[in-house]
Amino acid sequence: MNSDNLTSVSYFVLAGLEVEADLQVILFFSFLVVYIITIIANMSIMVIVVSDLSLHTPMYFFLWSLAFLDICYSSAVVPKMLTDLMFQKKIISFYGCMLQVQFFHFLGSTEAILFSAMSYDRYMAIAFPLRYSITMSSTVCLCLTLCSWILGFFHALLHTIMTFRLPFCGPNIVKHFYCDFKPLLNLACTDVSVNLKLLPRVTGTLTITTLMLTILFYILIIRVLVKIKTSQGQKRALSTCSGHFTVVTLQYGAAIFIYALPSRKDTFGQDRAAAIMFTVITPALNPILYTLRNKDMKKAMKKLFKRCN
């Protein structure tokens, strides 16, 4: 039967965070502050990287790309969440919901793939410093970034199409603070076993594969660091990797918890808690973690600040 004839739902109601009214106000201002920090901090990184010629290297090209991704990624969810925290009725249209699903997973999976590219870049810089500028040419960096975006887009598109084709006859309350595959599948009035299998198999495979690649490059980096005799050389190498590794740990931990593990209805509350980590917290932490221990970024920030004054 044609699913279009069965679909009667024209909008969804987001359950939100399901907290008391007083706590909603506190969460609104807390998340608003974090979102503002996310936008300002990531835009600052983008401006600093573009304005300082000494940062026109592969490492900072990827960092610029990550900052741009974090702004888009957080903006796919947080503005709607902030609006819903201030209103009783949390409505999103059917097509708006599908668009949010597409962009959220497109940007999220792109970021996961980009993390692997960044760890490969760090390995090449530390293991082969003399060949680094040739191996990681601007063409290679651009190709790696474009591949991340293309793979991320089609990964999300697969799930979005599979969800869009499902008939939704009601109820229409999404047990989440944004549209996501798992709570939407719970509302479909047909068999969704294929969709549920796709999540751990496709998304889980993507998450685990990119994570394993990242871990592999870090193992190789550690092997190289052991051979570096000077403590100063080790510290410099570690300072460029520690921020990236911390971000990867936070992001992948939450993603594996939600998408790589088998789906169960009783985990929606835990899924929401984990989702707050990579939609609200991590995009704000990324620029802080990447700049706090990075001497080049600090120096470039001081130069830009002096220039502005």
Side-chain angles (χ1 to χ4, degrees), residues 57-67 69-70 73 108-137 139-152 155 200-261 274 277-278 281-283 285-297:
T57 62
M59 175 183 174
Y60 295 104
F61 172 78
F62 288 122
L63 185 56
W64 187 97
S65 302
L66 180 64
L69 261 175
D70 277 334
Y73 188 41
S109 52
T110 299
E111 191 163 295
I113 300 165
L114 189 64
F115 280 145
S116 296
M118 292 174 76
S119 60
Y120 171 70
D121 170 68
R122 289 300 80 212
Y123 168 65
M124 294 304 297
I126 293 167
F128 307 102
L130 298 177
R131 287 161 39 195
Y132 176 64
S133 59
I134 299 170
T135 307
M136 297 302 294
S137 65
T139 304
V140 171
C141 294
L142 187 61
C143 286
L144 286 172
T145 305
L146 283 175
C147 284
S148 300
W149 283 85
I150 292 167
L151 287 172
H155 163 258
R201 290 180 183 178
V202 178
T203 305
T205 300
L206 176 70
T207 305
I208 298 298
T209 301
T210 53
L211 176 60
M212 289 298 105
L213 282 172
T214 304
I215 291 173
L216 172 63
F217 289 128
Y218 270 100
I219 290 172
L220 294 173
I221 286 170
I222 290 168
R223 287 181 61 185
V224 174
L225 289 178
V226 171
K227 296 176 184 178
I228 296 177
K229 295 178 180 179
T230 62
S231 59
Q232 188 176 355
Q234 288 181 337
K235 284 179 181 178
R236 183 171 175 78
L238 283 170
S239 68
T240 62
C241 299
S242 58
H244 178 249
F245 189 75
T246 305
V247 169
V248 166
T249 304
L250 291 171
Q251 196 82 346
Y252 276 105
I256 290 171
F257 182 82
I258 295 177
Y259 301 110
L261 299 178
M277 173 59 72
F278 61 74
I281 308 300
T282 309
L285 283 177
N286 281 357
I288 297 169
L289 290 169
Y290 276 112
T291 55
L292 278 179
R293 297 189 64 186
N294 191 310
K295 291 179 181 178
D296 294 334
M297 282 295 294

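L69 contributes atom CG, which lies 6.0 Å from atom CG of L114 (distance to the nearest 0.5 angstrom). Remark: M124 CE to M59 CE distance equals 15.5 Å, nearest 0.5 Å. Distance check: I219 CD1 to S119 OG gives 11.0 Å after rounding to the nearest 0.5 Å. Taken from SG in C141 to OH in Y60, the straight-line distance is 13.5 Å, to the nearest 0.5 Å. Atom CH2 in W149 sits 9.5 Å away from atom CD in E111 (nearest 0.5 Å).
Between M136 and F61, every side-chain heavy-atom pair lies at or beyond the 4.5 Å cut-off. Using a 4.5 Å heavy-atom threshold, the side chains of F115 and L211 count as separate. Y73 has its side chain out of reach of T282: every pair of non-hydrogen atoms, C-beta onward, lies at least 4.5 Å apart.
Residues that satisfy the side chain to side chain contact (heavy atoms under 4.5 Å, CB included) test with L216, not counting sequence neighbours, are L220. Applying the side-chain hydrogen bond (donor to acceptor under 3.5 Å, both in side chains) rule to T210 yields the partners Y252; only residues at least two apart in sequence or on another chain are considered. Considering only residues two or more places apart in sequence or on other chains, Y123 meets the ring-ring contact (aromatic ring centres under 6.0 Å, His included) condition with F128. Taking V202 as the reference, H155, L158, H159, L198 meet the side chain to side chain contact (heavy atoms under 4.5 Å, CB included) condition, with sequence neighbours excluded. Considering only residues two or more places apart in sequence or on other chains, S137 meets the side chain to side chain contact (heavy atoms under 4.5 Å, CB included) condition with T139, V140. Y120 meets the side-chain hydrogen bond (donor to acceptor under 3.5 Å, both in side chains) test with no other residue; sequence neighbours excluded.
Counting only residues at least two apart or on different chains, the side-chain hydrogen bond (donor to acceptor under 3.5 Å, both in side chains) pairs with a member in residues 124-133 are D121-Y132, R122-Y132.
Residues T214 and S116 bring a donor and an acceptor atom of their side chains to less than 3.5 Å of each other.
None of L151, T203, L206 except one satisfies the side chain to side chain contact (heavy atoms under 4.5 Å, CB included) rule with S109; the exception is L206.
Smallest separation of non-hydrogen atoms from I113 and G152: CD1-N, 3.9 Å.
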